[in-house]
Every structure is written in structure tokens, then in C-alpha cells.
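Structure record follows, encoded as C-alpha cells.
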Amino acid sequence: LSKGFSLTLPQLEQMVRSCDETASDVVMTLLSCSPPDPASRYLAMTLFPSFGELLTSHARIFKLLEFNVANPTGRYILDLGKAAEHSIAENLLLLDRWEVTVDRRLGRQDVSQRRNSSHL
């Protein structure tokens with residue numbers, strides 16, 4: 001559902017308010033579509049109906065909240081069926097393509113394992 005959308009915080013808030021019974025599911029599913037900066041993520045997290053629902057949902061969106069696009073190091077085990085984890089995978093692929101383009105512009109040698117210039 002949320003793959004490929006970019007929502008503003010007011011749009012996300014309107015969707016949450018229109019779905020009272022499933023508000024926490026809406027926030028969890030569409031969080032990856034909200035702006036990724038820390039302030040926006042904080043404000044999006046305030047859309048959970050209660051603190052208890054936020055805590056319950058936190059485990060399902062933990063990977064998205066902890067993902068640092070400026071320093072994506074380590075190994076990732078992602079369930080692409082979950083919108084939050086699918087968003088992480090998309091960001092990793094986008095970063096990889098960007099690094100490949102930079103390497104080509106700078107004339108760097110391809111040292112990838114599969115000879116496709118990938119850093120993954």
C-alpha cells in the first residue's frame with residue numbers, strides 16, 4: 001500500500017483521523033511515506049492514539065526508526081512484505097545506485113564481487 005507514495009504530515013494526520021479504529025495501523029503502514037527527518041518522524045509518532053499503542057507498534061517499525069540513511073552500515077535482514085522494511089530496502093538500493101554513478105564519474109575501478117559495480 002505505501003510503497004511509492006510521499007505524504008506530508010498533514011496528509012498523514014488526515015488519514016489517521018479518518019480511521020479511528022485502525023489509526024495505529026495507518027501510522028505504522030504509512031510512516032515510511034512521511035518525511036524521513038527526525039522532527040517529522042517525531043511528529044508522525046505523535047499520531048498514535050495512545051502511548052500504549054505506540055509502544056506496541058514500536059517493535060514492528062523499529063528497523064525503520066533506527067535506519068540511518070547517512071551511515072547505512074552492517075547487515076540487514078528485512079521482510080519486504082512490511083512497508084517499513086521495504087522502505088529501508090528501497091533506500092539501500094537507491095544509495096547503491098548513487099555510489100555506482102559517483103564511482104563511474106570519478107573513473108574508479110569496479111571491484112565488486114559480481115563485476116556490476118554494486119556496493120551491496
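Residues: numbered from 1 along the sequence shown.
Contact detail for V16 and L47: the closest heavy-atom pair is CG1-O, 3.7 Å. Shown here for A84 and S32, the closest heavy-atom pair between the two residues is CA-CB, 4.2 Å. The shortest heavy-atom contact between D110 and R115 is O-NH1, 2.6 Å. Between E85 and D79, the shortest heavy-atom contact is OE1-N, 2.5 Å. Taking all atoms of both residues into account, the shortest heavy-atom contact from L31 to S34 is O-OG, 2.7 Å. Taking each heavy atom of R41 and P35 in turn, the nearest pair found is NE-O, 3.7 Å.
A single hydrophobic cluster is not seen to contain both L80 and L94; linkage of ILVMFWY side chains at heavy-atom distances under 4.5 Å, directly or through other members, places them apart.
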Practice problem: Under the side-chain contact (heavy atoms from CB on, under 4.5 Å) rule, what do S87 and L64 come out as? Steps first, then yes or no, please. | Solution: CA-CA 8 Å; S87 176; L64 178 65; 4.2 Å; yes
Exercise. For side-chain contact (heavy atoms from CB on, under 4.5 Å), just list the numbers for H86 and E90, CA-CA rounded to whole Å, side-chain angles, deciding distance to a tenth of an Å, and then say yes or no.
Key: CA-CA 6 Å; H86 189 274; E90 285 179 333; 3.1 Å; yes
Exercise. Let me see the working for E53 and V27 under side-chain contact (heavy atoms from CB on, under 4.5 Å), right down to the final yes or no.
Key: CA-CA 11 Å; E53 289 188 43; V27 176; over 6 Å; no
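A distance of 8.0 Å separates OG of S118 from CG of L93, quoted to the nearest 0.5 Å.
The side chain to side chain contact (heavy atoms under 4.5 Å, CB included) test with W98 is passed by exactly one of D96, V100, V102: V102.
A heavy-atom distance below 4.5 Å is found between the side chains of L95 and P72. Using a 4.5 Å heavy-atom cutoff, the side chains of E13 and L7 are not in contact. Side-chain contact between C33 and L12: absent, with no pair of heavy atoms (C-beta onward) separated by less than 4.5 Å.
In this structure, K82 contributes its side chain and I61 its backbone to no donor-acceptor pair below 3.5 Å.
Within 6.0 Å of atom CZ in R97, more than 12 heavy atoms from other residues, nucleotides or ligands are found, so the atom counts as buried in its surroundings.
Applying the ring pair (Phe, Tyr, Trp, His ring centres under 6.0 Å) rule to pairs touching residues 42-66 yields H58-F62, sequence neighbours excluded.
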